[in-house]
Protein chains: 4
Amino acid sequence: MPKLGMEPIRRDALVAATIHEIGTKGSLDVTVGQIARRAGVSPALAHHYFGTKEAIFLSAMRHIMSIYAGEVRAALAGAETPRARVEAIVRASFAPSNFRREVIASWLMFYLSAQTVPEAARLLAVYKGRLASNLRHSLRPLLGPHATEAAEGIAAMIDGLYIRQGLAPGAQDAGNAANLVLDYIGRLVEARP
Amino acid sequence: MPKLGMEPIRRDALVAATIHEIGTKGSLDVTVGQIARRAGVSPALAHHYFGTKEAIFLSAMRHIMSIYAGEVRAALAGAETPRARVEAIVRASFAPSNFRREVIASWLMFYLSAQTVPEAARLLAVYKGRLASNLRHSLRPLLGPHATEAAEGIAAMIDGLYIRQGLAPGAQDAGNAANLVLDYIGRLVEARP
Amino acid sequence: MPKLGMEPIRRDALVAATIHEIGTKGSLDVTVGQIARRAGVSPALAHHYFGTKEAIFLSAMRHIMSIYAGEVRAALAGAETPRARVEAIVRASFAPSNFRREVIASWLMFYLSAQTVPEAARLLAVYKGRLASNLRHSLRPLLGPHATEAAEGIAAMIDGLYIRQGLAPGAQDAGNAANLVLDYIGRLVEARP
Amino acid sequence: MPKLGMEPIRRDALVAATIHEIGTKGSLDVTVGQIARRAGVSPALAHHYFGTKEAIFLSAMRHIMSIYAGEVRAALAGAETPRARVEAIVRASFAPSNFRREVIASWLMFYLSAQTVPEAARLLAVYKGRLASNLRHSLRPLLGPHATEAAEGIAAMIDGLYIRQGLAPGAQDAGNAANLVLDYIGRLVEARP
DNA sequence: AATGAATGAGGATTCATTCAT
DNA sequence: GATGAATGAATCCTCATTCAT
């Protein structure tokens, strides 16, 4: 009987290597060879398990998204009021597992590849739809008809902080970033005289 | 007037072609051949004038930045109060000459290339520094010590709206985007009870 | 009876799969993986039993030739006159077990591989020699010194009908093909005024 | 001004190199690199002028067919009677420019590639249609309703002699081959008692 | 000023084959 | 007996870049 069960191990290693390489390079110009080398395997094996480079990238994208989704789910679990829910979503976005430079860089790369790769576009649309819907749903009780545009503003600010984190030189402070959004939410929600 | 040489004409055409191609493709995967073809010249000529592909990209980046800078300068010219200045900067960011899909896509590509190309990083840093300084300077009289973080929030939201415009399917409304930022500024500036 | 080992079963399955795949693709561009998959085994097993891809092909070639040889032998068994012998050989060439598209395609592929693979060339030479000698031998009593060239003409026509059957789109009629050759033989044999 | 007019020269050289390499190898397993090397250029240039390997092959196929067509046209020019026309077609098929080993090997390779490449199939169908129609047309006055099947027999014999010339070891005699077909035609045409 | 000609370097992908279990 | 794991070698193709004219 042959050696067994390597597939999930290799797949995970290759996905991790992909994220690492994209994060390091800060660009999508990553070769299968580089990914494979970092994962400690041959380029041929990468193709053996994934078929194409695009499939590797998509797997990495799904991995990142599932981490994010888990973070959001966990954060929402303990949130009872609408406002707490909004804040939970924001905090999840800046959780350490998400807000690492390499993860964010990958995020942005997938944003980019969605321009070209239909499946990437689909995945991204799902994520964006879910985020917007989550935000709107929680904001509605607080802001009524203004919930939609508030959700847009919040999502935009999050994306902006992401791009600055992912592409700017020098790591930034996740807490600080989260606070900026939370402050914005405070201003949106709290009645003005 | 002396008869103009072809050089500036060709350079401009190539820069315009670069922006167009990046905007169309939505990615940095643009070849010198594509750029040259769109500009109606041979790839060899592109190299003749620019030396390298990177130099073509940098020229395009400078072009976009100078348009943006002009727009900001013009907007600031008519602004008398601090708040008007802040709003002018924002409006300039969403002026039609900037907030076109292809221009924004190029913007983001340059953001990306700053990861790899030192000169691009330098240019981007200059721009960001100027934007932040402009915002801070105008916000200071209104927000005092909170000006810095307010400037960060505003800049982040602008970037976020840009990325959504540049990479999302379906053109968006510049006016709507500007209003989101202006509303945010309003909430920042207006005193809360 | 001893329990049969798996070896002959696997070998047969792989040979059959090889012929099937070549016939389906209509080309020699068949991978060991495809052959193994059709045979329901792993590519590694194919190598285990045959050593190399070339050996698999040669086995398939031998298989086809032995079927052909059996068909000829059977046909000759009932033939008593020289002319009946010639016709038996022709009929065997167009017997259903030979004149199937996939078998003929394989035939031609082996013709091809004889260009490169010495052992294939040897096998093919044996077959051609036997066919020619069979034909000549039977034609001699009828045509005397012209037997050799008549045998050449007949063999060529058979090959030509094969290539048209094996490589032309749309299955053809074996009976019709056989009749063409038989008619030719009639014209060769029957005295002209 | 650049060096000019190389394109047709290179294209011709590459087509010739393709035929040569296929003829030498006796198989379609010819790489672009080999073709380019024989043509004295880089593989990249071959792609520059032809785009794909398939396109190179198709060009070579068209080249061979046009030579053949020219040969037939020339032979038919001097033929006045139906029988002379039939014989002219046959002689053209065995003219020295066609019946060279490398040309015939290429012929057969294209026969093969027609299995896979639609455009090759189309070209081959055109050739076969023209040949059959030429033969039928000339045979009709001589054989009436039997013309069709006679044409089939003749075409098959020609193909058979081709495959033997193209794939058999040791060059054969074109004159001998032609005579076999001419003799066959004689037997088809001349009345039997 | 401009370009056709040409290529070296590199990258995705395929595949026969080997090996440890 | 059988196979999953793994890879080296090869192939097509792309592209920035150079050069002679």
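Quick caveat: nothing in here was measured; it's all calculated off a predicted structure. When reading the values below, keep in mind they use all heavy atoms of this one structure, side chains included, and skip hydrogens, waters and symmetry mates. Every chain is numbered from 1, with letters handed out A, B, ... down the list of sequences.
The OG atom of B:S106 lies 10.5 Å from the CE atom of B:M61; values are rounded to the nearest 0.5 Å.
Dashed line: the shortest gap from a side-chain N or O of A:Y49 to OP1 or OP2 of F:dA6 is under 4.0 Å. The phosphate of E:dA6 (OP1 or OP2) has a side-chain N or O of D:R10 nearer than 4.0 angstrom.
In this structure, D:I56 places its CD1 atom 8 Å from P of F:dC13, rounding to the nearest Å.
Judged as a salt bridge (Lys or Arg N to Asp or Glu O under 4.0 Å), the pairs with a partner in residues 31-53 of chain B (not counting sequence neighbours) are, in order, B:E21-B:R38. Residue pairs meeting the salt bridge (Lys or Arg N to Asp or Glu O under 4.0 Å) criterion with at least one member in residues 106-125 of chain D, sequence neighbours excluded, are D:R62-D:E119, D:E119-D:R122.
Within the nucleic acid shown, C:F50 has no heavy atom closer than 4.0 Å to any nucleic acid atom. Using a 4.0 Å heavy-atom distance criterion, B:E7 is classed as making no nucleic acid contact.
Every residue two or more places apart in sequence or in another chain was checked for a ring-ring contact (aromatic ring centres under 6.0 Å, His included) with D:F50, and none qualifies. Applying the side-chain contact (heavy atoms from CB on, under 4.5 Å) criterion to B:T24, with sequence neighbours excluded, gives B:H20. When the salt bridge (Lys or Arg N to Asp or Glu O under 4.0 Å) test is applied to D:R11, the partners found at least two apart in sequence or on another chain are D:E7. B:Y49 meets the ring-ring contact (aromatic ring centres under 6.0 Å, His included) test with no other residue; sequence neighbours excluded.
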Would you give me the side-chain donor-acceptor pairs under 3.5 Å for residues 28-35 of chain C, sequence neighbours excluded?
| from | atom 1 | to | atom 2 | distance (Å) |
| --- | --- | --- | --- | --- |
| C:T31 | OG1 | C:G33 | N | 3.4 |
| C:T31 | OG1 | C:Q34 | N | 3.0 |
| C:Q34 | OE1 | C:T31 | N | 3.1 |

Nucleotide N/O to protein N/O under 3.5 Å, stretch nucleotides 14-16 of chain E:
| from | atom 1 | to | atom 2 | distance (Å) |
| --- | --- | --- | --- | --- |
| E:dA16 | OP1 | C:V32 | N | 3.4 |
| E:dA16 | OP1 | C:K53 | NZ | 2.9 |
| E:dA16 | OP2 | C:V32 | N | 3.0 |

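Residue order along DNA chain E, read from the 5' end via each residue's closest nucleotide, puts B:G40 first among B:G40 and D:A46.
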Secondary structure of DNA chain E in dot-bracket form (Watson-Crick or G-U wobble, distances below 3.5 Å, | marking inter-strand pairs): .||||||||||||||||||||
